[in-house]
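One-based numbering, in listed order, for ligands and for the atoms of each.
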Amino acid sequence: MQKSILIIGACGQIGTELTMALREKYGNDSVVASDIREGSENLMRSGPFELLDATNYEAIEDVVMHYEIAEVYLMAAMLSATAEKFPMRAWNLNMNSLFNVLNLAKEKKIDKIFWPSSIAVFGPNTPKNETPQHTLMEPSTVYGISKQSGERWCEYYFKKFGVDVRSVRYPGLISWKTQPGGGTTDYAVEIFHKALSEKKYTSFLNEETKLPMMYMDDAIRATISLMDANNGDLSIRSSYNLGAMSFTPEELAACIQNHIPDFEIRYEPDFRQEIANSWPASVDDAKASQDWGWAPEFDLGKTTEVMLRNLRQ
Ligand code: SER
């Protein structure tokens with residue numbers, strides 16, 4: 001029998017594409033999508049779906065038992081910009097959802113967990129360029145504090161209880177199928193929509209804010225390769241640095257201008273500038289390459305080309 005997989009937060013930016021990729025790999029009926037709201041027609045029609053609140057342990061346990069779930073991908077979270085507005089709600093969602101799945105694994109009700117961390121675990125005192133896997137981490141955002149705490153708990157559950165939990169620190173993710181919501185790196189998706197609809201964009205980050213970014217196909221491939229890796233090959237049980245490209249809003253705009261010459265960008269930094277200033281400009285992901293063969297395929301040029309081509313259609 002195929003192993004059964006549950007994705008919690010399946011209707012979000014990552015969850016939507018991850019669900020479809022896992023359905024393609026393991027068969028539609030083996031991959032149960034869940035979220036607190038319904039998702040795209042494609043996702044809803046292609047396989048099982050459950051309305052599920054990630055903070056409700058019993059509800060998750062019921063779904064796990066009903067579908068005989070072996071692996072859980074916990075993609076539900078409140079992102080950095082929204083979390084600054086609702087700190088306690090963010091803490092509650094981001095931490096309790098994680099404890100729920102860690103405890104299900106501790107009780108041997110599931111075998112394996114994927115939980116995403118983020119570049120937000122780093123802080124203003126972290127080395128900014130080629131940020132090492134192991135370094136000073138003093139996150140200064142609510143979201144970053146929750147992800148940093150989550151990493152500590154993942155490693156703890158692995159060491160104390162043998163829980164097979166795997167994680168990557170995603171950079172900002174760029175995709176055309178589902179929009180992100182409430183993040184600081186969202187400008188890098190919005191800009192493509194506005195470039196096509198209005199030929200102009202006002203960036204909420206200034207022109208020289210360099211951040212680590214990744215095209216969604218690379219992020220999905222990284223996630224699935226890490227979950228496929230041999231247990232014994234994994235030396236990191238907090239979360240792996242994961243890199244692909246780094247650019248500023250000005251560099252991204254210049255790349256878009258290669259395709260849309262009259263595209264214009266303006267800058268009006270808001271509260272998200274301070275969040276971005278506390279994050280790395282680039283990360284050293286050598287551990288991910290060594291342990292499970294990570295290598296990105298999309299650079300800025302290729303990402304710009306696929307984004308514009310797909311959004312035009
Ligand atoms: N992309 C996320 C955010 O901006 C970071 O993980 O909040």
Check: Closest non-hydrogen protein atom to atom 7 (O) of ligand 1, residue and atom name please, with distance?
Finding: Ser80 OG, 2.6 Å

Check: Please state which protein non-hydrogen atom is closest to atom 5 (C) of ligand 1 and give its distance, to 0.1 Å?
Finding: Ser118 OG, 3.4 Å

Notebook entry, point to check: Would Ser225 and Asp228 count as having a side-chain donor-acceptor pair, cut-off 3.5 Å?
Noted result: no

Item checked: Donor on one side chain, acceptor on other, Asp285 and Tyr240, under 3.5 Å -> no

Margin query: Show the atoms of ligand 1 that are less than 4.0 angstrom away from any heavy atom in Leu79.
Written below: 7 (O)

Next item on the list: Return a yes/no value for Thr184: is any of its N or O atoms, backbone included, closer than 3.5 angstrom to an N or O of ligand 1?
Entry: yes

Check: Under 3.5 Å between some N or O of ligand 1 and some N or O of Thr185?
Finding: yes

Checklist line | Ser46 side chain to Arg23 side chain, donor-acceptor N/O pair below 3.5 angstrom | finding: yes

Item checked: Side chain, backbone, both or neither: the part of Tyr187 lying under 4.0 Å from ligand 1 by heavy atom -> neither

Check: Side chains of Gln273 and Thr209: donor-acceptor distance under 3.5 Å anywhere?
Finding: yes

Margin query: I need the atoms of ligand 1 closer than 4.0 Å to a non-hydrogen atom of Trp279, numbered in the order shown.
Written below: 3 (C), 4 (O), 5 (C), 7 (O)

Next item on the list: Would you please say whether a donor-acceptor pair under 3.5 Å links the side chains of Thr55 and Ser97?
Entry: no

Next item on the list: Examine Tyr143 against ligand 1 and note whether any of their N/O atoms are separated by less than 3.5 Å.
Entry: yes

Notebook entry, point to check: Can you check whether Asn129's main-chain N or O pairs, donor with acceptor, with Ser282's side chain at less than 3.5 Å?
Noted result: no

